[in-house]
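Chain letters run A, B, ... following the sequence lines, proteins first, then strands; residues in each count from 1. Everything quoted here is computed from the prediction, not taken from an experiment.
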There are 2 protein chains.
Amino acid sequence: MRLSAYFLPTLKENPNEAQIVSHRLMLRAGMIRQTSAGIYAWLPLGFRVLKKIEQIVREEQDAAGAQELLMPTIQPAELWKESGRYDDYGKEMLRIKDRHDREMLFGPTNEEMITDIFRSAVKSYRDLPRNLYHIQWKFRDEIRPRFGVMRGREFLMKDAYSFDIDSASARRSYQKMFLAYLRTFARLGMKAIPMQADTGPIGGDLSHEFIILAETGESGVFCDKEWLDLNVLESAPGFDDDLGPFFEKYTNIYAATDEKHDPATSPLTPEELVNARGIEVGHIFYFGTKYSAPLGAVVAGPGGEQITVEMGSYGIGVSRLVGAIIEASHDDAGIIWPESVAPFKVGLINLKTGDAECDRVCEELYRDLNAAGVEVLYDDRNERPGAKFADMDLIGVPWHLTIGPRGLKNGVVELKHRATGEREELSREAAFAKLAS
Amino acid sequence: MRLSAYFLPTLKENPNEAQIVSHRLMLRAGMIRQTSAGIYAWLPLGFRVLKKIEQIVREEQDAAGAQELLMPTIQPAELWKESGRYDDYGKEMLRIKDRHDREMLFGPTNEEMITDIFRSAVKSYRDLPRNLYHIQWKFRDEIRPRFGVMRGREFLMKDAYSFDIDSASARRSYQKMFLAYLRTFARLGMKAIPMQADTGPIGGDLSHEFIILAETGESGVFCDKEWLDLNVLESAPGFDDDLGPFFEKYTNIYAATDEKHDPATSPLTPEELVNARGIEVGHIFYFGTKYSAPLGAVVAGPGGEQITVEMGSYGIGVSRLVGAIIEASHDDAGIIWPESVAPFKVGLINLKTGDAECDRVCEELYRDLNAAGVEVLYDDRNERPGAKFADMDLIGVPWHLTIGPRGLKNGVVELKHRATGEREELSREAAFAKLAS
């Protein structure tokens, strides 16, 4: 993409309304624009990141055997009256009357609707287990929306729902999602820690929330420093293996929010204990028959007996993750995208637009990198070098490839790694080979 | 995907509520489920088709130079008061009050919001032209929703918006979308005809609607039979070429809805005239300053003068297309998917599940086809052959590969082409080579 033609309204100043760094940087980098309190339009740069995160979430859900569908945003109130949650939910639920005065609502979550879909379609134990998920916009009418996409009103969530014949099978479904979540956050370049959690309004007797570590995070976290060295992508079993030992191991390494941590009873020595901050980005629940019983999600068992299915639900805040990753990965100059979610891999900086040789080399590199499948943002604008460097740091693409007249005379270009700040001068062929690999 | 593990609730009987064939077949093939009047959940099979259509639409928008973003579903009422459409829109607009009693609405279209985003970000003629699009769920509160996804209340639309400095440039943006639309529908396997249209509530002075031909279509169409032989993918210019001659040619071949067609003044002889039926799936508008003027979308021109930008908007009904393609491509046995949008390319039918040799060959073909990147739906259920054939015809995947004990004894498998009904017996290696190519 050529920056001269890209819809990227960056801001030079820090916007007043943004209280936290991710909100500030997303506004400044032209990723989002507020359209109402707590509601955002995702501009092209932000949209690219959102889609990359969504795709990694999707791939891990698919690998775990969950099947993607898509439920609508608008739900009928009746379903929520059946489950008993319609009155419980309070003013956070956006309630709507349609032209025929029917009570509808903008879904804040989908336990009721997926249970309704399941009960109408599945009648036999032979069709279990099933795990169905969707990635859809939800609405929660927060009284004071703030912190940008971290606590917006309209937000993108991945929510999966498992259906099993008994508790043992349901726990296995839970373990698969537990593994999928650890893998997902690791692939996003984040260090995520699962913590035993209260089940809150969703209900149930087993629940974990996933916190990614970020210095600017909203919650205090105490955990065993072993967490910092674990690499789940290297050590995890496959989804079809016995996940019991893995689950045991990962749920027994100490981790607690500051509300729950008690130094007096903690099993760790001060040397073993890490005190960090983090952001909740996922939450999984096993809640048995809490929804299947009132909604009558029942299948015939092997002997024809009626069995109420065991359910769990599994959420990831996809739009929230965009903010959370920035909280975890930025510096004073701007965002530092992990390569897996970066909107572009390479920022190509033409130091002297209009110089025939600089233009020619940049055009060739832009063409060749694109042809090699590398996503490039080419700063071809007629701007000062300082402005170009500052914008590329702000946007935070992983590699900055700078072409200037002096370097070209010496047969070199400069490659900078955004995360480490390391720079090297090398031939354009070597730079291309490194970026296209 | 193994059918035994797939969430695919097919129906044996025709559902009473479905009046048209696409609605009937989508319900019977387990593609969708109604959750409220005119609101549908997309089950895994339907979701796959929806995503494939969406992706083709996206690729052609990108190729035409449009940039993808994503606006929220919920919009503030103020914007619509600024444009003057808030009161005009009537009861089709789903109006909402949030917890602070602010007037909101579920967007039926996005002219106002995109103009607001544009005016806050773009200040100079140097940043033009721009074309911004999104693919997002919309809501129109139809008084009598019907015909399934063809006239639903919550529906997926691609809407693009162009911004240009003057009328000549705006017409060029219009021509690019005109070409992108013809290419999109051709890639979907459809014969689409652009017809000059009234601009209706969107306004403006230049507009075309795109009708795809379908015997069961809602509208009568009269057109030059030349349309039936045109192949836009072979003959179209590139998006950066001069599109004038192409646009001239395609807008001068006769086509009219039955309301507008007048046999007395038609330029065609009866031999040249085709009387067909069709379904509207896209609509493009050039409306000048209708929204940019009231909303103040103004840029500085080369001499510093203030210029109100010229706009167009361009819609494709993505969810509607799923129904429209079925209307255009089905038979008594079920759906006939064009290969580009088929949920799977191959249906692998095991005629005798439990037979060691059939199971072994099917498992190997399933594994090898998947490894070759071919999407396969493997019917591994313990069902009668007749039920398996009927389901695969209903679902309508393009190629049916049938493995039975008798064929295996003779060293052959059977390959059927769903669209033509042609069958051939061939070695499994030859079948694999044909499907994996």
Legend entry - Choice from B:L50, B:D127, B:L132 maximising heavy atom contacts with chain A below 4.5 Å: B:L132
Inset, instruction - Count the heavy atoms belonging to other residues, nucleotides or ligands that lie under 6.0 Å from CG of B:N16, then report whether that count exceeds 12. - result: no
Inset, instruction - Mind ranking A:K91, A:E68, A:R95 by heavy-atom pairs under 4.5 Å with chain B and telling me who comes out on top? - result: A:E68
Legend entry - A:F47 vs B:Q67, side chain to side chain contact (heavy atoms under 4.5 Å, CB included): CA-CA, chis, key distance, verdict: CA-CA 10 Å; A:F47 180 72; B:Q67 293 174 31; over 6 Å; no
Legend entry - B:E92, part contacting chain A, at a heavy-atom distance under 4.5 Å: both
Legend entry - chain B contact via A:H134 - side chain, backbone, both or neither, heavy atoms under 4.5 Å: neither
Inset, instruction - Tell me, for B:K97 versus chain A, whether the close heavy atoms (under 4.5 Å) come from the side chain, the backbone, both or neither. - result: backbone
Legend entry - B:M93 portion near chain A, given a 4.5 angstrom heavy-atom threshold: neither
Inset, instruction - Verify whether one side chain among A:E154 and B:T73 offers a donor that lies under 3.5 Å from an acceptor in the other. - result: yes
Inset, instruction - Identify which part of B:S4 has an atom lying under 4.5 Å from any heavy atom of chain A, answering side chain, backbone, both or neither. - result: backbone
Legend entry - Option in B:G30, B:P9, B:P76 with maximal non-hydrogen atom pairs under 4.5 Å from chain A: B:P76
Legend entry - Best-contacting candidate, A:R130, A:R153, A:R48, against chain B by heavy atom pairs under 4.5 angstrom: A:R130
Legend entry - Contacting region of B:Y6 [heavy-atom separation from chain A under 4.5 Å]: both
Inset, instruction - Can you tell which part of B:I117 gets under 4.5 Å to a heavy atom of chain A, answering side chain, backbone, both or neither? - result: both
Inset, instruction - Heavy-atom distances under 4.5 Å only: say whether B:I96 touches chain A with side chain, backbone, both or neither. - result: side chain
Legend entry - Over 12 non-hydrogen atoms of neighbours within 6.0 angstrom of CZ in A:R126: no
Inset, instruction - Kindly indicate whether the side chain of A:L94, heavy atoms from C-beta on, has any atom under 4.5 Å from the side chain of B:D98. - result: yes
Legend entry - Interatomic spacing from CZ in A:F7 to CZ in B:F163 - rounded to 0.5 Å: 7.5 Å
Inset, instruction - Against chain B, label A:I74 side chain, backbone, both or neither, depending on which of its atoms sit under 4.5 Å from a heavy atom there. - result: both
Legend entry - B:M113 portion near chain A, given a 4.5 angstrom heavy-atom threshold: side chain
Legend entry - Check against side chain to side chain contact (heavy atoms under 4.5 Å, CB included), A:W137 and B:W137: CA-CA 9 Å; A:W137 293 88; B:W137 293 89; 5.9 Å; no
Legend entry - Side chain to side chain, B:Q75 and A:S36, heavy atoms closer than 4.5 Å: no
Inset, instruction - Find out whether A:R99 and B:I143 are in side-chain contact, i.e. whether some heavy atom of one side chain is under 4.5 Å from a heavy atom of the other. - result: yes
Inset, instruction - Tell me, with the steps shown, if A:D116 and B:R33 meet side chain to side chain contact (heavy atoms under 4.5 Å, CB included). - result: CA-CA 10 Å; A:D116 179 49; B:R33 183 166 186 278; 3.2 Å; yes
Inset, instruction - Considering only heavy atoms, give the residues of residues 38-46 of chain A separated from chain B by less than 4.5 Å, sorted numerically, with 'none' for an empty result. - result: A:I39, A:Y40, A:A41, A:W42, A:L43, A:P44
Legend entry - Approximate separation, where rounding is to 0.5 Å, of A:I114 CD1 and B:T35 OG1: 11.0 Å
